[in-house]
Amino acid sequence: MSARESVALFPVVTLMSHASLTLLLGLMLAPSACALQSAEHAPAEPAPAELGQVHWLRDLDAGLAASRQSGLPVFVLFQEVPGCATCVAFGQDALSQPLLVEAIETLFVPVCIDNSAGGKDAEMLRRYDEPAFNFPVCRFFGPDGTELLPRRDRIWTSGGIATRMVGALAAAGRPAPEWLLLAEAGLALERQQTATFAMSCFWEGEAHLGALEGVVSTRPGFVAGQEVVEVAYDPTRVAYGTLVKEAGSMQCASTVWAHAGEQLAAAKELVGERARELTGPVRDAGADDRTRSLAGRPAAYLPLLPVQAARVNAALAGGAAIGPWLSPRQLALLAAVEAALRADSHALDGLVRPLVVDKLPAYQAALAGRLAAAVPEAPRNS
């Protein structure tokens, strides 16, 4: 059984032996199935910062062969190694985000071509008309070698890469899973806008508003003595007016604190005198009041994007399953967290999931280390 096939089985795991937990952690930290099949092309350890946390094939012909066998499209990174500050930043940001790493390794065949090297790498540059010593460029190919999306450069943000991956999967006739669509919405920071609503209890407000389509994060706070939830939302997925109506139907809009201009005009048209202009920042309610239904649960230790935390918090508040909002590897990680806490309820004390997206890769590494240390030695057969 391949590592990828094993990962697909993790969501059904509920109870694990010590040996099973050790195996699970090993598989989570291991290269993807495609990388394992071509170990001779794998980069030396530790991997260069420019390559992020993805385990890449280093031969495009081998990648296309793997694509024909698996049906997965090919994600090709043309990257300078060692490279400039932009190359390093791209590796440490987009190519290290846990959900994007998982998507690249499990939904695509990942291949890296070093645009500063000779030999077969240089041959691939000529074949695909890529300049040498260039900034990072990501391209996508089908099993037959057809390019799935028009080539574009200077896409170096996590949100931008997630959008391209979703588009490439669609072009390949492979719908993106819900967890990748959610990640794309949560990482597309340039699209996000904010809305602020007052209600009687911001714990309940976060639980209600965090479930809404288009909402990508929630933050409890105070405005003029009122408990409020500041919502970041994607206007390409939900209009401001729709958000106001939905908040009102949930009793989460006793006051709509709107920004001046079109937002304030729209709020006044919908709720009249309950719309007021927000003239200053929302005062933060503090970490203890964030995603209250998630706090103290095993899932709170997962390296969740803010959009995932909002959905998981809402699901837990309503007694619903959280699985739809998690990726397969996150479900595996949740199983490992639950097993570690069963063995020792204090095993993960002191670990706090960061609220800043770019700190999630380091947090996931710290969590994996703590889980590995928490695994008791498996009993030996006599």
Side-chain angles (χ1 to χ4, degrees), residues 7 10-11 13-30 46 53 92 96-99 101-102 179 183 186 201-204 206-207 210 217-221 284-323 325-379:
V7 167
F10 288 158
V13 174
T14 54
L15 294 174
M16 293 185 294
S17 67
H18 297 162
S20 297
L21 180 54
T22 304
L23 174 63
L24 183 152
L25 288 171
L27 287 171
M28 287 190 63
L29 298 175
Q53 298 300 313
Q92 294 177 335
S96 294
Q97 277 300 327
L99 282 184
V101 172
E102 179 173 356
W179 57 268
C201 173
F202 48 43
W203 293 352
E204 294 181 4
E206 270 201 295
S217 70
T218 59
R219 180 171 74 96
D284 199 338
D288 290 343
D289 286 311
R290 282 182 179 268
T291 54
R292 189 70 178 189
S293 296
L294 174 58
R297 307 288 190 99
Y301 289 105
L302 298 179
L304 301 172
L305 292 174
V307 64
Q308 289 184 296
R311 295 293 193 280
V312 170
N313 181 69
L316 291 171
I322 66 174
W325 310 117
L326 303 178
S327 72
R329 288 184 182 178
Q330 287 177 325
L331 287 166
L333 196 56
L334 178 59
V337 167
E338 290 172 340
L341 293 176
R342 283 195 298 270
D344 177 0
S345 61
H346 299 289
L348 303 179
D349 283 1
L351 275 180
V352 179
R353 173 179 54 85
L355 302 176
V356 181
V357 169
D358 61 11
K359 293 183 179 180
L360 288 176
Y363 173 77
Q364 175 160 296
L367 174 60
R370 289 286 290 275
L371 287 172
V375 177
E377 184 178 353

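Listed here is the closest heavy atom pair of L351 and A366: CD2-CB, 4.4 Å. Residues Q97 and V357 come closest through the heavy atom pair NE2-O, 2.9 Å. A pairwise comparison of heavy atoms in D349 and R370 identifies O-NH2, 2.7 Å as the closest pair. Counting all heavy atoms, side chain and backbone alike, V337 lies closest to P298 at CG1-O, 3.6 Å. Looking at every heavy atom in both residues, P220 comes nearest to D284 through O-OD1, 3.6 Å. The two residues W179 and L99 make their nearest non-hydrogen contact at CZ3-O, 3.6 Å.
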Run the side-chain donor-acceptor check on residues 302-323: report pairs under 3.5 Å with partners two or more places apart or on a different chain.
unit_1, atom_1, unit_2, atom_2, d
Q308, OE1, L305, N, 3.2
Q308, OE1, Q330, NE2, 3.1
Q308, NE2, W325, O, 2.9
Q308, NE2, Q330, OE1, 2.7
R311, NH1, G210, O, 3.0
R311, NH1, V215, O, 2.7
R311, NH2, L212, O, 3.3
R311, NH2, V215, O, 3.2
N313, OD1, R292, N, 3.4
N313, OD1, S293, N, 2.9
N313, OD1, L294, N, 3.0

Please determine whether side chain to side chain contact (heavy atoms under 4.5 Å, CB included) holds for the pair V101 and Q364, giving the CA-CA distance in whole Å, both sets of side-chain angles, and the decisive distance to 0.1 Å. CA-CA 12 Å; V101 172; Q364 175 160 296; over 6 Å; no
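In this structure, Y363 contributes its side chain and Y301 its backbone to a donor-acceptor pair below 3.5 Å.
Interatomic distance, CG of L333 versus CG of L326, reported as 9.5 Å (0.5 Å rounding).
Between L355 and R290 the shortest side-chain heavy-atom distance falls below 4.5 Å.
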